[in-house]
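Structure record follows, encoded as structure tokens.
Note that the coordinates shown come from a computational prediction; the quantities given were computed from them, not determined experimentally.
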Amino acid sequence: MFFGTFTPKLDDKGRLTLPAKFREELSDGLMVVKGQDRSLAVYPREQFLRRAKKASAASRTNPRARAFVRNLAASADEQTLDSQGRISVSIPHRAYAGLEKDCVVIGNVDFVEIWDSNAWAEYSEAHEEDFSAGDDESFAEFL
């Protein structure tokens, strides 16, 4: 499981060091894909494959489902961590998420998100009320 907030920098070659505490779970390979809200999502490879298979079972007659599966599959970039725990963030992924130098890597329980630091700050501020409201019964144990 992935928890915490980290602030690595993207180097000049587009490489990003993932937090040491995340590396073991990602050591058998990982998938980087477009995430929601202009972030990138990083999944352990096997977990991503299970999720992608489930998503592909959605009705192909549903235009939104087709678009989701197409975008998910087209944006998937299979990678392995290098010896220093880095991944290469592709140019299209950097453009999609607006990544330049300062990044935020967050654990999102069963996957990792990569954000531009300014975008993460804006998102966090804009959604503080949503967090505070916590109006889903799934959150009852935390409130």
Side-chain angles (χ1 to χ4, degrees), residues 1-128 130-131 133-142:
M1 297 187 97
F2 303 101
F3 300 103
T5 303
F6 306 87
T7 55
K9 294 194 182 305
L10 196 63
D11 73 14
D12 294 337
K13 295 180 180 179
R15 296 176 300 193
L16 187 72
T17 302
L18 294 180
K21 67 189 287 183
F22 294 170
R23 294 179 199 164
E24 184 176 341
E25 198 162 341
L26 299 170
S27 64
D28 290 333
L30 58 95
M31 302 295 283
V32 180
V33 295
K34 290 182 348 184
Q36 294 178 310
D37 304 307
R38 293 285 177 172
S39 66
L40 298 178
V42 179
Y43 293 92
R45 184 182 182 281
E46 292 305 316
Q47 184 185 117
F48 175 81
L49 295 176
R50 282 192 304 276
R51 287 177 173 224
K53 187 165 184 69
K54 186 175 181 178
S56 71
S59 173
R60 298 295 171 126
T61 61
N62 177 338
R64 293 181 82 172
R66 269 195 325 266
F68 180 86
V69 172
R70 281 181 180 146
N71 274 284
L72 180 71
S75 75
D77 182 14
E78 185 172 4
Q79 294 201 32
T80 56
L81 295 169
D82 72 9
S83 62
Q84 295 178 9
R86 297 177 301 195
I87 60 170
S88 293
V89 182
S90 71
I91 292 171
H93 279 151
R94 283 183 263 161
Y96 173 78
L99 302 178
E100 291 183 20
K101 187 80 170 165
D102 295 323
C103 297
V104 175
V105 173
I106 63 167
N108 194 346
V109 184
D110 58 350
F111 70 102
V112 175
E113 292 183 335
I114 301 171
W115 288 77
D116 167 75
S117 63
N118 290 329
W120 173 248
E122 290 171 15
Y123 179 87
S124 295
E125 178 66 28
H127 293 278
E128 176 58 32
D130 297 332
F131 172 71
D135 60 1
D136 189 291
E137 66 184 53
S138 308
F139 309 143
E141 291 189 30
F142 290 100

Which side chain to side chain donor-acceptor pair (under 3.5 Å) pairs, counting each pair once, include a residue from [range], with sequence neighbours left out?
range	answer
residues 19-29	none
residues 75-92	Arg45-Glu78, Asp77-Gln79, Asp82-Arg86, Gln84-Arg86, Ser90-His93
residues 100-112	Lys9-Asp102, Arg51-Asp110, Asn108-Glu113

Taking atom [atom1] of [X] and atom [atom2] of [Y], what is their separation to the nearest 0.5 Å?
X	Y	atom1	atom2	value
Asp37	Trp120	CG	CH2	9.5 Å
Leu26	Phe2	CG	CZ	4.0 Å
Leu99	Ile91	CG	CD1	12.5 Å
Leu16	Phe6	CG	CZ	12.0 Å
Leu18	Ile87	CG	CD1	4.5 Å
Ile106	Tyr123	CD1	OH	8.0 Å

Taking all atoms of both residues into account, what is the closest heavy-atom pair of [X] and [Y], and its distance?
X	Y	value
Tyr96	Gly35	OH-O, 2.6 Å
Trp115	Ser39	CE2-CB, 3.5 Å
Val105	Pro8	CG2-CG, 3.5 Å
Phe48	Tyr43	CB-CB, 3.7 Å
Ala55	Val69	O-CG2, 3.4 Å
Ala65	Ser59	CB-O, 3.6 Å

Item to complete: Indicate yes or no for a side-chain donor-acceptor contact from Asp11 to the backbone of Lys13 under 3.5 Å, with no hydrogens or angles considered.
Response: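 Checked: pair present.
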Where the side chain of Ser56 meets the backbone of Lys53, is there a donor-acceptor pair that is under 3.5 Å apart?
->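 Yes, the answer is positive, given that a donor and an acceptor are paired below the 3.5 Å cut-off.
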| Taking atom CD of Gln36 as the centre, does the number of heavy atoms from other residues, nucleotides or ligands within less than 6.0 Å exceed 12? |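 Open: at most 12 neighbouring heavy atoms sit under 6.0 Å from CD of Gln36.
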